> 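Below is a structure I'd like to ask you about.
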Amino acid sequence: MACIGLALCACGGSQPPGDAASPATPPPQTKTIYSIASGCYALQSPATGRFVLKADDGSYRLAADRSEAAMPFRMRASGLGTYLLYDADAEFLSIRDGLALLTDGVGLLVDEAGNLVYGVGDTLGLVDTLDPLGDIVNGLGDLVSNLGHAVATFSGPTAVIQPMGFAWDNAEWALSEPAPEQFTLTSTSMGLNLVAEPTSDGLSLAPLHGNADGLEQFRLVATQGCAEFPEIGVSASGETFKGTNPDGTVFGIADTHIHISAYEFLGGRVNYGEPFHRFGVEHALDNCAVEHGPYGTTGLVEIALGGLTGHATKGWPTFRDWPHHHSYLHHQTYYMWMKRAWMAGVRLMVNHLVQNELLCEIWPIRDRECKEMDSVRLQRQSMYRLQDYIDAQEGGPGKGWFRIVTSPDEARAVIEDGKLAVVLAVEVSKMFNCGLFLGQAECTQADIDAGLDEVWQLGIRSFFPTHDFDNAFAGSGLFAASEVFLNLGNKVETGEYFHAETCPEEGNGANLVGIPAVPGDNVLSLMINQTLGFALPTYPPAPHCNSRGLTGLGEYVIEGMMKQGFILETDHLAHRARYKVIEMARANDNYPMISSHSRAGGEYTENMRQLMHSAGAMISPLPRDWSAVEMTEALLHEIAFEDQNHESYFGVGFGSDINGMALQPGVRADAAEHPLKYPFKSYDGKVTFDRQLSGERVFDLNVDGVAQYGLYADFFADIQQQPGGDKAMKYLFRSAEAYLQLWQRAYERRQAD
């Protein structure tokens, strides 16, 4: 039977969280460079008293004597204090420069050629004998790319103000306020001010510090008739929960493993799309052919892993073939999709900055560096740019619903304020560049100490000791992809294949494929075996576990993490290494651990689960390719360990692993007979959701599964209607608090030291 008092069920029988107070009608506010975001305004010159309109010849003129006759502009924030002025004809107030348009296109073409040449150089460098050639090709790629940048930034002297039918650099304006409610508009690309021409009714440009006699100042007068800027909506209405439960705990779901910034990894040219673009959704989610080729024919990873041999590449506004719950290489966390999930109750996300240097170098087309720690720093910056962009849409710094946090107290305050707390973590194969080659570590304890200090200063609060390949810390956990693909990668990265043993416990492992070497110690056998350097080795009976455990440096980094106050991540560790980390944490007064996307990088045995739960750890199921039925069962399985948990609060989150080359939940087998019905209410009853509309595409969980992150709202509602769903949802909505308390225990260790 479905739970009648949704909020009552959420609190396990206690009184429901108090309703958020209805917002009072806000008093009239003075316009600022931030508060005008998304507003509809006419542009008036105080010096002339006239308003901007669009003349019959299509040019902008200062010819209207009242705002009602003026051209209305939608002030679309492109960043904090920067705007696109989108007129009623769906055109942008822009600087037209024919030479700049030409050089921009030519420069992009030349730059792309440089990226390709550079990528080929890195790929050649993977083979030792070709490494010198790779360096030469890299140098040529840098030269070509730099030439492209130089060409693209050259502009001519013929710049004029003119409407443009597309957003580009010359359509972006930075606002400043030299006098109350009087603004200057400065081109971010050219550094010139928009000015009213003193002897005509035109608009022109003047140097930033020139003497324009007040002609560079404009008023924004509220008006009507603006065009709506193209954007994805949330297809939901209502006020999200704000405050705490009656017992003081926060109310909400924790996604403990997500990859919002993964569009930057593997060189930035594999996973198509972005969580935002300063020029809007038409640029963020346009056409994946630029990465995946015509009809997706060069999206080799998508073809190999997802079985999608071809797909319509156009995104906005049709989204015919992507995003898809079986897609590996299309961005699924556009910020408005995340907003929908936040409205459904997601209150904490742990975003893992992700990179794999070897896989990046194999792919020749890229425009980002492959070094893992460089990518970590770049993705961290991208996350703060995303926060700024959302702030800009919501009215200014700190106004947005998306807040990056660095302490449990800060996260708690954000969640109590009804917003989404975002924690930064790392998932790379060579943390601190601590690789391994032929058994020799490529770093020292001093490197680890410096790395721990740096990532803490970067605001990162959790990371994996290893991922995908063996490194100086530990062996990597084996799972399906390890069978051939990652095993070959491990050979290239470390000089050796995975060292495997028959798993000592049931419930985890992979089936590594091997072929025997030519027997004998004679010269002929030696030559053949050296020639077959990539021939897979012989392995004992499956299932296979990596026999490499935690190294001395691995123990050193785990001890360092506990001293610094990092949460220990136990996924992706080899069987022996994972047990050693669990042992070290339990011996250190049950130091906080998390399996942030359980099922990834090797399954957990029941004994592992019991040891972790009894130490107060948190285990979040990965809903990869599951329907709501399987996810409900997985949640209930973890909930059954509650009586073994020695800590004060128990909740079970989930680890979506979205954008991390992970499938998302699919369609329930009986969805046609027993569909999720639309519209539906959020778990706390405060928000009403309809089918999510993205441009022209209507998403329906019963047909599409979790094709993009916004459909987790629907997925949660579907979980609730399954047998045991009420109990599963209760503990899901305890997971944000459970994570905060776990984090607090780790944080206090640092403070104690």
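Values below: every heavy atom of this structure, side chains too, minus hydrogens, waters and symmetry copies. Keep in mind that this is a model prediction, so the values were computed, not measured.
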> Could you work out, with side chain to side chain contact (heavy atoms under 4.5 Å, CB included) as the rule, every residue matching S735, not counting sequence neighbours?
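Checked S735 against side chain to side chain contact (heavy atoms under 4.5 Å, CB included); matches are I253, A254, M618.
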> Could you point out which residue of H352, Q379, E274 forms a side chain to side chain donor-acceptor pair (under 3.5 Å) with S261?
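Of all the options given, the one that passes is Q379.
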> Verify the distance criterion only: is there a donor paired with an acceptor across the side chains of T256 and S620 at less than 3.5 Å?
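Note: T256 and S620 side chains meet the donor-acceptor criterion.
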> Mind checking what makes side chain to side chain contact (heavy atoms under 4.5 Å, CB included) contact with T551, not counting sequence neighbours?
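Residues passing side chain to side chain contact (heavy atoms under 4.5 Å, CB included) with T551: L553.
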> Side chains of S476 and N546: is there a donor and an acceptor less than 3.5 Å apart?
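There is no such pair between these side chains.
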> Which residues pass the side-chain hydrogen bond (donor to acceptor under 3.5 Å, both in side chains) test with Y709, not counting sequence neighbours?
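Y709: side-chain hydrogen bond (donor to acceptor under 3.5 Å, both in side chains) contacts with D255.
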> Could you work out, with salt bridge (charged side-chain N to carboxylate O under 4.0 Å, His left out) as the rule, every residue matching R380, not counting sequence neighbours?
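For R380 there are no salt bridge (charged side-chain N to carboxylate O under 4.0 Å, His left out) partners, ignoring immediate neighbours.
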> Tell me, please, which residues at least two apart from E493 pass salt bridge (charged side-chain N to carboxylate O under 4.0 Å, His left out).
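With neighbours one apart ignored, the set is K430.
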> Scan Q332, E427, H331 and name whichever one has a side chain to side chain donor-acceptor pair (under 3.5 Å) with H259.
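Exactly one candidate clears the test, E427.
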> Residues in salt bridge (charged side-chain N to carboxylate O under 4.0 Å, His left out) with R278, at least two apart?
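Expected list: D169, E172.
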> Are a donor atom and an acceptor atom from the side chains of S614 and Q610 found within less than 3.5 Å of each other?
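Side chains of S614 and Q610: no pair found under 3.5 Å.
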> Side chain of S375, backbone of Q355: donor and acceptor closer than 3.5 Å?
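Such a contact is absent between S375 side chain and Q355 backbone.
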> By salt bridge (charged side-chain N to carboxylate O under 4.0 Å, His left out), which residues pair with E606, not counting sequence neighbours?
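Counting only residues at least two positions away or on another chain, E606 forms a salt bridge (charged side-chain N to carboxylate O under 4.0 Å, His left out) with R609.
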> For residues 577-612, which residue pairs qualify under disulfide (SG to SG under 2.5 Å), counting only residues two or more places apart or in two chains?
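Listed by first then second residue: nothing to list.
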> Given side chains that start at C-beta, do those of D589 and R749 come closer than 4.5 Å, heavy atoms only?
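SC-SC contact between D589 and R749 confirmed.
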> Can you list everything that forms a side chain to side chain contact (heavy atoms under 4.5 Å, CB included) with T570? Sequence neighbours excluded, please.
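Only R578, V581, M593, S595, Y604, M612 meet the side chain to side chain contact (heavy atoms under 4.5 Å, CB included) criterion with T570.
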> Relative to each other, are the rings of F463 and F432 parallel, tilted or perpendicular (30° and 60° limits)?
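The arrangement is perpendicular - the two ring planes meet at more than 60°.
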> Listed by chain and number, what are the side-chain hydrogen bond (donor to acceptor under 3.5 Å, both in side chains) partners of E410, not counting sequence neighbours?
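Once residues adjacent in sequence are excluded, the partners of E410 under the side-chain hydrogen bond (donor to acceptor under 3.5 Å, both in side chains) criterion are T406.
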> Is there a side-chain contact between D409 and Y747, using heavy atoms and a 4.5 Å cut-off?
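Side-chain contact under 4.5 Å: no.
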> Only one of V376, N356, V354, L353 clears side-chain contact (heavy atoms from CB on, under 4.5 Å) with V428; which?
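Looking at V376, N356, V354, L353, the match for V428 under the side-chain contact (heavy atoms from CB on, under 4.5 Å) is V376.
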> Can you see whether E569 engages H257 through a side-chain donor-acceptor pair at a distance of less than 3.5 angstrom?
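No donor-acceptor contact under 3.5 Å links the two side chains.
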> Report the residues that fulfil side chain to side chain contact (heavy atoms under 4.5 Å, CB included) with E555, sequence neighbours left out, ordered by chain and then residue number.
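Here the qualifying residues are L550, K580, M584.
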> Under the side-chain hydrogen bond (donor to acceptor under 3.5 Å, both in side chains) rule, collect the residues that match up with N508, sequence neighbours excluded.
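N508 satisfies side-chain hydrogen bond (donor to acceptor under 3.5 Å, both in side chains) with no residue once adjacent residues are dropped.
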> Would you please classify the geometry between the H467 ring and the H572 ring as parallel, tilted or perpendicular, with 30° and 60° separating the classes?
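Answer is perpendicular, since the angle exceeds 60°.
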